[in-house]
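Here the structure is a predicted model, which is why all the values come from computation and not from measurement.
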Number of protein chains: 2
Amino acid sequence: MGTRERILEFLEGFIEENGFAPSVREIARHLGFRSTKAIKVHLDEMANMGWIEKKGGVARGIHLIEKGIPIIGRVQAGQPTLQFEGVEGHFSFDKWKGSFLLRIKGDSMIGAHIEEGDLVVIEKDRETRKGDIVVALVEDETTVKRLDKKNGRWILKPENPDYSIIDKEFQVIGVVIGMIRKY
Amino acid sequence: MGTRERILEFLEGFIEENGFAPSVREIARHLGFRSTKAIKVHLDEMANMGWIEKKGGVARGIHLIEKGIPIIGRVQAGQPTLQFEGVEGHFSFDKWKGSFLLRIKGDSMIGAHIEEGDLVVIEKDRETRKGDIVVALVEDETTVKRLDKKNGRWILKPENPDYSIIDKEFQVIGVVIGMIRKY
DNA sequence: TATTAAGGTAAACAAATGTTTACTCAAGGA
DNA sequence: TCCTTGAGTAAACATTTGTTTACCTTAATA
């Protein structure tokens with residue numbers, strides 16, 4: 001493994017553990033270098049290549065570019081280890097920062113494949129449109145339903161024939177912009 | 001807003017933007033303080049109270065404790081703004097770091113409420129058990145199915161009656177430990 | 001009213017830390 | 001073989017940065 005790779009690996013581990021970046025000396029010491037010069041050169045090159053971000057002159061001013069979790073495309077069969085190949089992109093949770101989660105109770109949205117225990121990602125202050133899945137307050141009860149219009153009036157539609165349409169006063173709290181399920 | 005709250009807010013913004021923490025002087029300057037002493041005292045108290053984590057003596061050695069996205073309980077109706085109350089816990093994506101995502105094609109797992117376009121979270125190197133939803137390689141095709149046993153032989157079961165059981169040679173790549181859906 | 005404590009100022013101090021200069025060494029190519 | 005180049009060493013340097021000391025201001029308090 002090249003020196004750059006070793007630096008990157010150390011950075012990842014250190015930041016994961018400490019929450020801030022190591023100093024150049026700490027990197028050097030950890031990799032067994034007796035001078036900081038070589039590390040500095042490598043760091044600058046790594047920053048140039050876009051491996052890391054680095055602000056010159058500031059202490060511990062290195063940080064990694066968080067790309068998120070890779071979305072893989074094909075999986076290549078190869079002995080002895082399977083290879084994940086063709087990264088189609090990355091999924092970052094940053095876009096959901098500042099949102100809220102609500103745990104789904106019941107199966108009234110099962111038709112939309114949202115089941116009991118699922119966590120829906122809610123964004124407040126977002127314009128609601130017909131067809132959106134929303135979180136609404138109906139008679140002091142929180143509920144997740146699909147927003148629809150009937151006779152010019154807004155209604156809440158469950159996605160389960162066992163439940164009936166809610167056609168009374170309600171207040172939309174937020175729009176469901178995502179969903180998370182744990183197994 | 002108290003000084004501590006202002007510090008915390010600045011920290012959040014600064015770290016979000018720069019990827020590393022501000023120095024004590026930067027905090028002081030930004031809040032309009034002409035000395036660093038007061039900031040240092042506040043930071044130490046905030047660390048004591050568990051608001052932040054801070055390693056003494058190291059430059060920019062502050063970091064926030066990432067709790068994740070809050071899972072809310074009740075929603076309180078109140079005018080004029082809705083209040084999210086009763087935080088039941090937090091969901092952190094950290095546990096899914098190091099995993100991979102695979103985009104679902106088709107509706108073969110619709111019975112498990114996994115639909116086309118959903119992203120399943122895959123963990124490699126995990127012991128598979130009967131009933132697990134797994135990613136498997138069947139004749140060079142990647143597929144997500146439920147792992148089952150039939151006549152002492154491992155098989156792959158779709159969760160859709162339109163699809164048939166896969167009862168041939170396959171190789172499990174990873175276990176589905178979660179799911180993400182975007183709307 | 002005198003006292004006290006919290007919170008801030010100013011200035012200095014001592015480390016921690018990024019950066020630079022000069023030199024060394026080994027490998028590879030002309 | 002000689003020269004060049006990449007990578008590392010050693011030692012300074014120059015800031016940046018956390019910390020400390022002494023003092024000040026103000027509002028609550030005995």
### Query
If you find the nucleotide of DNA chain C closest to I62(A) and the one closest to G32(B), which residue's nucleotide is nearer the 5' end?
G32(B)
### Heavy-atom side-chain proximity of I104(A) to M109(A) below 4.5 angstrom
no
### Message
Rounded to whole Å, how long is the line connecting atom CZ of R29(A) with atom C1' of dG8(D)?
### Response
18 Å
### Task
Provide the full list of salt bridge (Lys or Arg N to Asp or Glu O under 4.0 Å) pairs with a residue in residues 46-55 of chain B, sequence neighbours left out, each pair given once.
D44(B)-K54(B)
### Message
What I want to check is whether an N or O donor and acceptor connect the side chain of T36(A) with the base of dT17(C) at under 3.5 Å.
### Response
no
### Message
Between P on dT15(D) and NZ on K55(A), what's the gap in Å once rounded to a whole number?
### Response
17 Å
### Query
R60(A) has a side chain; which of dT17(D), dT17(C), dT19(C) sits nearest to it?
dT17(C)
### Message
Distance check needed: dA14(C) C1' versus K40(B) NZ, whole Å only.
### Response
14 Å
### Query
If only side-chain N and O atoms of R34(B) are considered, is one of them under 4.0 Å from the OP1 or OP2 phosphate oxygen of dA10(C)?
yes
### Task
Search all heavy atoms of K145(B) against all heavy atoms of T143(B) and return the closest pair with its distance.
NZ-OG1, 2.5 Å
### Whichever of R25(A) and T3(B) has its nearest DNA chain C nucleotide further upstream toward 5'
T3(B)
### Query
Is any side-chain N or O of K54(A) closer than 4.0 Å to OP1 or OP2 of dT19(C)?
yes
### Query
Contact class for V41(A) (heavy atom, under 4.0 Å): base, sugar-phosphate, or nothing?
nothing
### Message
Does E45(B), at its CD atom, have more than 12 non-hydrogen atoms belonging to other residues, nucleotides or ligands within less than 6.0 Å?
### Response
yes
### Query
Mapping A59(B) and K37(B) onto DNA chain D by nearest heavy atom, which one lands closer to the 5' end?
A59(B)
### Protein-nucleotide distance (I52(A), atom CD1; dG18(C), atom P), rounded to Å
11 Å
### Query
Does H42(B) place a side-chain N or O at less than 4.0 Å from the phosphate oxygens OP1/OP2 of dG8(C)?
yes
### Task
For G56(A), answer base if it contacts any base atom (sugar-phosphate contacts may also be present), sugar-phosphate if it contacts only those atoms, and nothing otherwise; contact means non-hydrogen atoms under 4.0 Å.
sugar-phosphate
#### Entry: Salt-bridge contact D118(B)-R103(B) (side-chain N to carboxylate O under 4.0 Å)
no
### Message
If I take atom CD in residue E26(A) and atom P in nucleotide dA16(C), what distance separates them, rounded to the nearest angstrom?
### Response
10 Å
### Message
Taking the minimum atom-to-atom distance to the side chain of A38(A), which one of dT20(D), dG8(D), dA10(C) wins?
### Response
dG8(D)
### Task
Whole angstrom is fine here: how far is it from CD in E45(A) over to P in dG8(D)?
10 Å
### Query
For L43(A) and dT20(C), what is the distance between atoms CG and P respectively, to the nearest whole Å?
13 Å
### Task
From the options dG18(D), dT21(C), dT9(C), select the nucleotide whose nearest atom is closest to the side chain of S35(B).
dT9(C)
### Query
Rounded to whole angstrom units, what separation is found between the CZ atom of R4(B) and the C1' atom of dA6(C)?
10 Å
